[in-house]
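Notes follow once the structure below has been shown.
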Amino acid sequence: MKLLIPTEGSFSYRIMCLVLAAIYAWFLMGLDIDGYIDRANYLIYAQHSDEIFVMYAASSLKTILTNEPVWLLFNIWASKHFTPEDTLRLLIFFSSFIVSFLVLRSYPKYALLLLLFILLPQVLKNNIVHLRQGAGISIFLLGWWCRYLPLRVFFIALAPFVHASFFFINALFLLNVAFSTFSISTVWRVVYTLGVGVVLGALGIWLADVLGARQGENAEYSGMGAGGSGMAFLFWLVFTVVFFMEGKAYLRNNFFAASILVFYLSTYFLLPVTARVFESGMLVVLLASLGLTDWRRYAVYSLYVFYFLMQWYPLLGMPGYGWAATRAI
């Protein structure tokens, strides 16, 4: 499996990326600390993670491992040195800085598109309302782009213990390692990924309950389906068709990104958390699609712009661009 390795841009470009990432992170950190959805919940974590950790640990080892212990440990450490508000600011700054810098410096040729990627609402919200997921994404991307194999393995393995969606992402990652190791054909890779998607889609929430993960007991996830309108399914289905039309050589090198798309589509009507899982791997998909050629490249460019505008249009004029604590998206 070919991992995405950042292109070495010029020194001035890397400095520009550092500056833009710092501005991006500083702006997000400076937003009203308790004016957005779920911030009250994160302030509770910043104050009481030690109690939450003890509660999970008293249950069983599997319960603590499936309830994001690294996230809890970070909050426990931060609570000894910072106020709850400053803990959130620290988390927002470093998560958004790491993600934006790694993305912006990755492919200088596509700088404008990379800027659109980090401004996409589904990416941006991970450092505004889904802070735990944003932290998990930053850890995963550090591993994804790390050239030193032990550190790559460490960061990728660490991500599920920051945000549970990466148990699914890492399962796909390991599946792709197996595909490459045993030289599985593209057709069978799709078949196996679809099979894994259907099984995890049908049993995912039940499995979370058995393992003691908080998602298994959450009423929000108690239904059988994802509950989407189907528009996202249609959009990403078109995107996937274009992606697969690039050919077998491209798919072999980028099947991890392709498997995230296949998993999302196969679990869309089965797994309530599938959108959150997809959002954790979305940047990998978007970055991989930059390697498309000919008309397929321009097709995905058009899809990017359409998706960007359609994501932002309903949010304009809403309090906090739809993320204010008094108004959900």
Side-chain angles (χ1 to χ4, degrees), residues 1 3-4 38 42 45 49 56 61-75 91-92 94-96 98-99 102-103 122-123 125-127 129-146 149-179 193 196-197 199-201 203-205 207-216 218 220-221 226 255-264 266-268 271-288:
M1 180 173 54
L3 295 177
L4 294 173
D38 220 19
Y42 288 116
Y45 274 107
S49 280
Y56 287 141
L61 178 61
K62 67 180 182 181
T63 300
I64 189 62
L65 290 177
T66 55
N67 282 283
E68 300 144 337
V70 173
W71 165 259
L72 294 173
L73 290 171
F74 167 79
N75 279 277
L91 176 72
I92 293 167
F94 281 101
S95 295
S96 53
I98 289 168
V99 170
L102 290 176
V103 170
Q122 283 182 287
V123 174
K125 71 176 180 58
N126 291 321
N127 292 300
V129 295
H130 295 156
L131 305 185
R132 176 167 35 201
Q133 186 171 14
I137 292 170
S138 67
I139 295 297
F140 182 85
L141 290 182
L142 279 174
W144 177 250
W145 272 311
C146 186
L149 183 59
L151 277 180
R152 178 184 298 166
V153 172
F154 172 76
F155 284 122
I156 290 176
L158 194 66
F161 303 112
V162 178
H163 193 266
S165 64
F166 283 97
F167 281 115
F168 294 96
I169 296 295
N170 282 10
L172 294 175
F173 185 85
L174 291 175
L175 189 63
N176 278 271
V177 171
F179 289 157
T193 304
V196 168
V199 171
L200 289 179
L203 302 178
I205 298 303
L207 185 60
D209 189 31
V210 169
L211 294 174
R214 58 187 174 81
Q215 291 84 357
N218 196 324
E220 178 186 352
Y221 306 131
F255 199 81
F256 178 52
S259 69
I260 294 172
L261 287 165
V262 172
F263 180 84
Y264 174 66
S266 65
T267 58
Y268 186 87
L271 186 64
V273 297
T274 191
R276 296 293 294 276
V277 174
F278 181 63
E279 287 165 4
S280 289
M282 179 178 285
L283 283 171
V284 173
V285 172
L286 294 177
L287 290 165

- Take Ser280 and Phe166 through the side chain to side chain contact (heavy atoms under 4.5 Å, CB included) test and state the conclusion after the steps. CA-CA 7 Å; Ser280 289; Phe166 283 97; 3.6 Å; yes
- Task: Apply side chain to side chain contact (heavy atoms under 4.5 Å, CB included) to Thr274 and Phe278, showing your working.
- Result: CA-CA 6 Å; Thr274 191; Phe278 181 63; 5.5 Å; no
Are [X] and [Y] close enough that some pair of their side-chain heavy atoms sits under 4.5 Å apart?
X      : Y      : answer
Thr193 : Phe179 : yes
Leu271 : Leu200 : no
Phe140 : Leu283 : no

- Message: Assess the residue pair Ser259 and Leu175 against the criterion (side chain to side chain contact (heavy atoms under 4.5 Å, CB included)); give the C-alpha distance rounded to whole Å, side-chain angles, the decisive distance to 0.1 Å, and a yes or no.
- Response: CA-CA 9 Å; Ser259 69; Leu175 189 63; 5.9 Å; no
Can you tell me how far [atom2] of [Y] sits from [atom1] of [X], rounded to the nearest 0.5 angstrom?
X      : Y      : atom1 : atom2 : value
Leu91  : Tyr42  : CG    : OH    : 8.5 Å
Phe173 : Ile260 : CZ    : CD1   : 10.5 Å
Leu131 : Ser96  : CG    : OG    : 9.5 Å
Asn127 : Ile98  : CG    : CD1   : 10.0 Å
Ile137 : Leu142 : CD1   : CG    : 12.0 Å
His130 : Arg276 : NE2   : CZ    : 4.0 Å

- Query: What pairs with Val153 under side-chain contact (heavy atoms from CB on, under 4.5 Å), at least two apart in sequence or on another chain?
  - Reply: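 Val153 satisfies side-chain contact (heavy atoms from CB on, under 4.5 Å) with Leu149 once adjacent residues are dropped.
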Could you check whether any side-chain N or O of [X] sits under 3.5 Å from a backbone N or O of [Y], counting only pairs where one atom can act as donor and the other as acceptor?
X      : Y      : value
Gln133 : His163 : no
Asn170 : Ile156 : yes
Tyr56  : Asn67  : no
Ser266 : Phe263 : yes

Heavy atoms only: give me the nearest [X]-[Y] pair and the separation to one decimal.
X      : Y      : result
Gly136 : Ala159 : O-CB, 3.9 Å
Met282 : Val123 : SD-CG2, 4.4 Å
Thr267 : Gly197 : CG2-O, 3.0 Å
Arg132 : Tyr45  : NH1-OH, 3.1 Å
Ile64  : Leu72  : CD1-CD1, 4.4 Å
Ile139 : Phe155 : CG2-O, 3.3 Å

- Item | Parallel, tilted or perpendicular: rings of Trp144 and Phe256 (30°, 60°) |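 If you compare the ring of Phe256 with that of Trp144, the planes turn out tilted.
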- Message: Test side chain to side chain contact (heavy atoms under 4.5 Å, CB included) on Trp145 and Leu287; report intermediate values, then the result.
- Response: CA-CA 12 Å; Trp145 272 311; Leu287 290 165; 3.3 Å; yes
